[in-house]
Amino acid sequence: MLPNSQYHQYMQQPTGGAPNPLAALLQSAGTGNLSQQFPALGSNNQAAAVAAAVAHQQQQQQQQQHPGMSAHAASNDPYGYPVLMNTSASAMAAAAAAQNAMPAAAAAAGNKAAAMNLSFLHQDHQVQQKLAQLEEDKIYTLVLELLNPSLREQALLDLSKKREQYEDLALVLWYSYGVITVLLQEIVSVYPMLTPPTLNGVTSNRVCNALALLQCVANHNETRALFLNAHLPLYLYPFLNTTSKTRPFEYLRLTSLGVIGALVKNDNPEVISFLLSTEIIPLCLRIMETGSELSKTVAIFIIQKILLDETGLYYICQTYERFYAVATVLHNMVSQLVETQAIRLLKHVIRCYLRLSDNPRAREALRQCLPEPLRDTTFHAVLKDDAATRRCLGQLLMNLSDNGMN
């Protein structure tokens, strides 16, 4: 081995401050042949000495690297270090197992929380079902109380309040024995108070509660046709024909209009055909002229729905007298709206005019008789935030222009 080689220099370097035994042996043996430099190959004693020196150095290095090593691990026992490694490996395995157990524990906790949540939701659903069942039982009890004259007034009030909460109330009312007859009795019993007008507030409230239940029947898809086939709307027309402006009568007219409005709002041609066979149009026109703002709004809504139906538009425009009656009332309403600026009414008035302009004969007439406030900027301020109604008014003026519909 060359004295200046890297291996020779490595052998000369101390390890951890202790002399290198191999370097000492090599220095004492000189730099002869290979067998002389590695006497362990030629002498058992020298080999044992080298092995002992190497083991001693390894023990010192282990003590420096693991100062906390036990005496058993630092001894000459050849199994001491493997024991230490096995112990460290066991500790690492335990730590890894603990880390792996953490997600499992978290998942278990999450599953438990989810199970508790599902249990709570299930219990809440059961509570809601019980409450719904109790409410339904209450509805049936009130319907039965309608048949008892002494309990009827309060039952009418309570049921009228619950008609929006129980969607099948119309079916219960229609198919319960004697209930519709009772409601008609409540309506007919008020007729003697219409002329002369002697209806008071208490009686008006009672009959209006009965009308509210009829409105529920008229509004339901499964009972609407049955309601029409029984001609029940005709029982309401005497109320619409009243002219008294007292509050009991106004409330009675408004509630009766609500029943008719519930019929027409679904755009059912059968409903329109039925109404056209009655005097509903002149009744609504009278209310549009003399009623309160709210009654006027519901009445013109009914007229608008009739006009939107092809049969209704044709019926109104079929004769000059019918068209003139409708156009005159609309014209008078526009004159009133110049003062009141009631936008709800104005919306319906404009839409009625727009629909009339779809008929060729009515369009020619409107070119001559459309109110001037609808042509100028009279309602510009009130319609500034209502883009839909402005578009309807613009379309109406376009239809009536010379370049409009022909």
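Everything quoted here is computed from the prediction, not taken from an experiment. Values below: all heavy atoms of this structure, side chains included; hydrogens, waters and symmetry mates excluded.
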Notebook entry, point to check: Have T242 and S244 got a donor and an acceptor in their side chains that come within less than 3.5 Å?
Noted result: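 No, because no side-chain N or O of T242 sits under 3.5 Å from a partner of the opposite role on S244.
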Any salt bridge between [X] and [Y], counting N to O under 4.0 Å?
X	Y	result
R355	E310	yes
E293	R344	yes
K161	D158	no
K305	D267	yes
R152	E186	yes

Looking only at atom types and distance, does a side-chain atom of [X] sit under 3.5 Å from a main-chain N or O of [Y], one as donor and one as acceptor?
X	Y	result
T255	Y251	yes
S160	L157	yes
K347	A388	no
N229	A225	yes
N359	R361	yes
D168	L171	no
T389	D386	no
T223	V217	yes
S277	F274	yes
R163	L169	no

Note to self: One pair to check against side-chain contact (heavy atoms from CB on, under 4.5 Å): L370 and L396. What are the steps and the verdict?
What the structure shows: CA-CA 10 Å; L370 185 71; L396 169 63; 4.1 Å; yes
Next item on the list: Start with the C-alpha gap between Q215 and N219, add the side-chain angles, then the distance that decides, and say whether side-chain hydrogen bond (donor to acceptor under 3.5 Å, both in side chains) holds.
Entry: CA-CA 6 Å; Q215 179 178 341; N219 191 43; over 6 Å; no
Return the minimal non-hydrogen interatomic distance between [X] and [Y], and the atom names on each side.
X	Y	answer
P248	S204	O-OG, 2.9 Å
A230	W174	CB-CH2, 4.2 Å
P233	L263	CG-CD1, 3.8 Å
S189	P192	O-CD, 3.4 Å
S256	L252	OG-O, 2.9 Å
R286	N241	NH1-OD1, 2.6 Å

For the [atom1] atom of [X] and the [atom2] atom of [Y], what is their distance to the nearest 0.5 Å?
X	Y	atom1	atom2	result
F323	Q318	CZ	CD	14.5 Å
L159	Q154	CG	CD	10.0 Å
I139	E136	CD1	CD	8.5 Å
I187	C208	CD1	SG	10.0 Å
I280	I272	CD1	CD1	10.0 Å
L393	R375	CG	CZ	10.5 Å

Note to self: Given Y353, which partner from the list L307, V334, L400, L397 fulfils the side-chain contact (heavy atoms from CB on, under 4.5 Å) test?
What the structure shows: V334
Do [X] and [Y] touch side chain to side chain, with heavy atoms closer than 4.5 Å?
X	Y	value
L345	M288	no
D309	V271	no
L183	L156	yes
L276	I281	yes
P197	T246	no
K296	E289	no

Check: Do H220 and F227 have ring centroids that are under 6.0 Å from one another?
Finding: no
Check: Can you list the steps and then say if I343 with L337 is a side-chain contact (heavy atoms from CB on, under 4.5 Å)?
Finding: CA-CA 8 Å; I343 188 171; L337 288 172; over 6 Å; no
Next item on the list: List the steps, then state whether side-chain contact (heavy atoms from CB on, under 4.5 Å) holds for Q304 with V264.
Entry: CA-CA 10 Å; Q304 178 186 335; V264 302; over 6 Å; no
Check the surroundings of atom [atom1] in [X]: do more than 12 heavy atoms from other residues, nucleotides or ligands lie under 6.0 Å from it?
X	atom1	answer
Y235	OH	no
E270	CD	no
Q165	CD	yes
Y191	OH	yes
Q368	CD	no
Y314	OH	no

Note to self: Once side chain to side chain donor-acceptor pair (under 3.5 Å) is applied, do any residues pair with E250, and if so which ones, sequence neighbours excluded?
What the structure shows: R253, S292, S295
Check: Taking it one step at a time, do R367 and E364 satisfy salt bridge (charged side-chain N to carboxylate O under 4.0 Å, His left out)?
Finding: CA-CA 5 Å; R367 285 172 176 165; E364 289 298 325; 2.6 Å; yes
Notebook entry, point to check: Please walk me through it: do T278 and L283 pass side-chain contact (heavy atoms from CB on, under 4.5 Å)?
Noted result: CA-CA 10 Å; T278 67; L283 290 174; over 6 Å; no
Notebook entry, point to check: If you draw the axis of the six-membered ring of Y315, does the NZ or CZ of R322 fall within 45° of it and under 6.0 Å from the ring centre?
Noted result: yes
Checklist line | Chi angles and distances behind the side-chain hydrogen bond (donor to acceptor under 3.5 Å, both in side chains) call for N332, Q336 | finding: CA-CA 6 Å; N332 293 337; Q336 297 172 3; over 6 Å; no
